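Take a look at the structure set out below.
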Amino acid sequence: MRISILCVGKVKEKFYRDAIDEFSKRLSRYCKLEIIEVADEKTPDNASDIEVKQIKDKEGERILKNIKDDAYVVTLCIDGKQLDSEELADKIALLGVQGTSHICFIIGGSLGLADAVVKRADYKLSFSKMTFPHQLMRVILLEQIYRAYRIINKEPYHK
């Protein structure tokens, strides 16, 4: 299985980069992982609704250009479906059984995802009703994908 994490912006803090590197290394025995970063837009203070939409649309265009045609697209959205770890593992395993060889998880920027990106999604996933920094969300997503593979392979970790 090929897993892509397509995200807006760079990870600046070393502790986040270290955690991302660790889970990427752990995942390498289960799947082919790639992390694709697209540039984020500067958001002016007190941005108007029109400016916010324009920024999300620009970031969205960059995201859409990087989605491969064969990818099963999972957007991380606050209004998506919430799954527990076992359900995420089941979802990933079922996609593999159904012949999906590439899953692309998309993490938006600080303003969220453009409507066009959400429309492209095959599945909308929510980790919580809370908002997380997108750099931290990358770590959480990688950890949960790793946990899912451990569950799928009936290996200890997820308790």
Side-chain angles (χ1 to χ4, degrees), residues 1-11 16-17 19-43 50-128 131-153:
M1 176 78 69
R2 224 166 85 224
I3 303 280
S4 298
I5 312 280
L6 181 48
C7 36
V8 176
K10 296 215 175 287
V11 174
Y16 286 139
R17 286 195 312 268
I20 289 165
D21 291 345
E22 177 62 27
F23 284 111
S24 297
K25 185 177 83 178
R26 290 182 187 190
L27 275 165
S28 67
R29 70 181 269 232
Y30 300 105
C31 64
K32 184 175 188 291
L33 176 71
E34 65 176 339
I35 298 174
I36 304 161
E37 296 176 337
V38 299
D40 56 346
E41 290 290 313
K42 297 281 185 230
T43 305
I50 292 170
E51 288 173 309
V52 166
K53 184 182 180 326
Q54 289 171 337
I55 289 167
K56 286 168 52 172
D57 288 346
K58 280 183 189 173
E59 291 174 349
E61 287 173 21
R62 293 180 190 131
I63 289 169
L64 291 169
K65 284 181 188 170
N66 282 281
I67 298 174
K68 304 287 189 275
D69 290 340
D70 70 335
Y72 181 91
V73 176
V74 178
T75 51
L76 273 58
C77 301
I78 207 160
D79 63 340
K81 180 148 174 57
Q82 291 188 15
L83 304 175
D84 65 26
S85 297
E86 284 82 5
E87 289 169 325
L88 180 60
D90 291 345
K91 178 81 177 162
I92 291 171
L94 181 62
L95 286 169
V97 168
Q98 292 173 337
T100 299
S101 61
H102 183 199
I103 303 172
C104 180
F105 291 90
I106 300 178
I107 303 171
S110 59
L111 299 175
L113 291 167
D115 291 341
V117 176
V118 176
K119 283 187 180 94
R120 171 61 180 89
D122 296 298
Y123 193 82
K124 292 182 357 180
L125 178 64
S126 173
F127 277 80
S128 172
T131 302
F132 296 102
H134 56 278
Q135 296 180 46
L136 176 59
M137 197 62 238
R138 230 184 274 192
V139 175
I140 294 169
L141 175 61
L142 285 167
E143 191 280 335
Q144 284 299 304
I145 295 169
Y146 174 69
R147 183 180 298 266
Y149 275 107
R150 298 290 293 193
I151 292 168
I152 290 165
N153 288 287

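These numbers come from a predicted model, not from an experiment. We number each residue from 1, following the sequence as shown.
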Could you give the distance from [atom1] ([X]) to [atom2] ([Y]), rounded to the nearest 0.5 Å?
X: I151; Y: N153; atom1: CD1; atom2: CG; value: 10.5 Å
X: T43; Y: I55; atom1: OG1; atom2: CD1; value: 4.0 Å
X: I103; Y: L33; atom1: CD1; atom2: CG; value: 11.5 Å

Trace of the side-chain contact (heavy atoms from CB on, under 4.5 Å) decision for L95 with Y123:
CA-CA 12 Å; L95 286 169; Y123 193 82; over 6 Å; no
Which atom pairs, donor and acceptor, lie under 3.5 Å between side-chain atoms of residues 136-146 and protein residues at least two apart or in another chain?
residue, atom, partner, partner atom, Å
R138, NH1, E37, OE2, 2.6
R138, NH2, G9, O, 2.8
E143, OE2, R147, NE, 3.0
E143, OE2, R147, NH2, 2.7
E143, OE2, Y157, OH, 2.9
Q144, OE1, S85, OG, 2.8

Which atom pair, heavy atoms only, marks the closest approach of [X] to [Y]?
X: I3; Y: C31; answer: CG1-SG, 3.7 Å
X: C104; Y: L6; answer: SG-CB, 3.9 Å
X: T100; Y: M1; answer: O-CE, 3.4 Å
X: C7; Y: I35; answer: SG-CG2, 4.0 Å
X: K56; Y: L113; answer: CE-O, 3.3 Å
X: D122; Y: A71; answer: OD2-O, 3.7 Å

Could I get the full list of salt bridge (charged side-chain N to carboxylate O under 4.0 Å, His left out) partners for D70, not counting sequence neighbours?
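Result, salt bridge (charged side-chain N to carboxylate O under 4.0 Å, His left out) vs D70: R2.
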List in chain and number order the residues that pass salt bridge (charged side-chain N to carboxylate O under 4.0 Å, His left out) with D69, two or more places apart in sequence or in another chain; answer none if no residue qualifies.
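D69 satisfies salt bridge (charged side-chain N to carboxylate O under 4.0 Å, His left out) with no residue once adjacent residues are dropped.
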For residues 114-121, please give each side-chain donor-acceptor pair under 3.5 Å, one per line with the distance, not counting sequence neighbours.
none

Using the test side chain to side chain contact (heavy atoms under 4.5 Å, CB included), find all partners of [X] that sit at least two apart in sequence or belong to another chain.
X: K25; result: E22
X: T131; result: I78
X: I50; result: S48, Q54

Which residues share a side-chain hydrogen bond (donor to acceptor under 3.5 Å, both in side chains) with [X], sequence neighbours left out:
X: E34; result: S4
X: K53; result: D57
X: D84; result: none

Sub-4.5 Å side-chain heavy-atom contact between R62 and E41
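Yes, at least one pair of side-chain atoms sits under 4.5 Å.
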Any E59 side-chain heavy atom under 4.5 Å of D40 side chain
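Yes, at least one pair of side-chain atoms sits under 4.5 Å.
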Considering residues at least two apart in sequence or located in another chain, which fulfil the ring pair (Phe, Tyr, Trp, His ring centres under 6.0 Å) criterion with Y30?
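Ring pair (Phe, Tyr, Trp, His ring centres under 6.0 Å) list for Y30, sorted by chain: Y149.
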I need the full list of salt bridge (Lys or Arg N to Asp or Glu O under 4.0 Å) pairs touching residues 87-113, with sequence neighbours left out, sorted by first then second residue.
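The answer is none; no pair qualifies.
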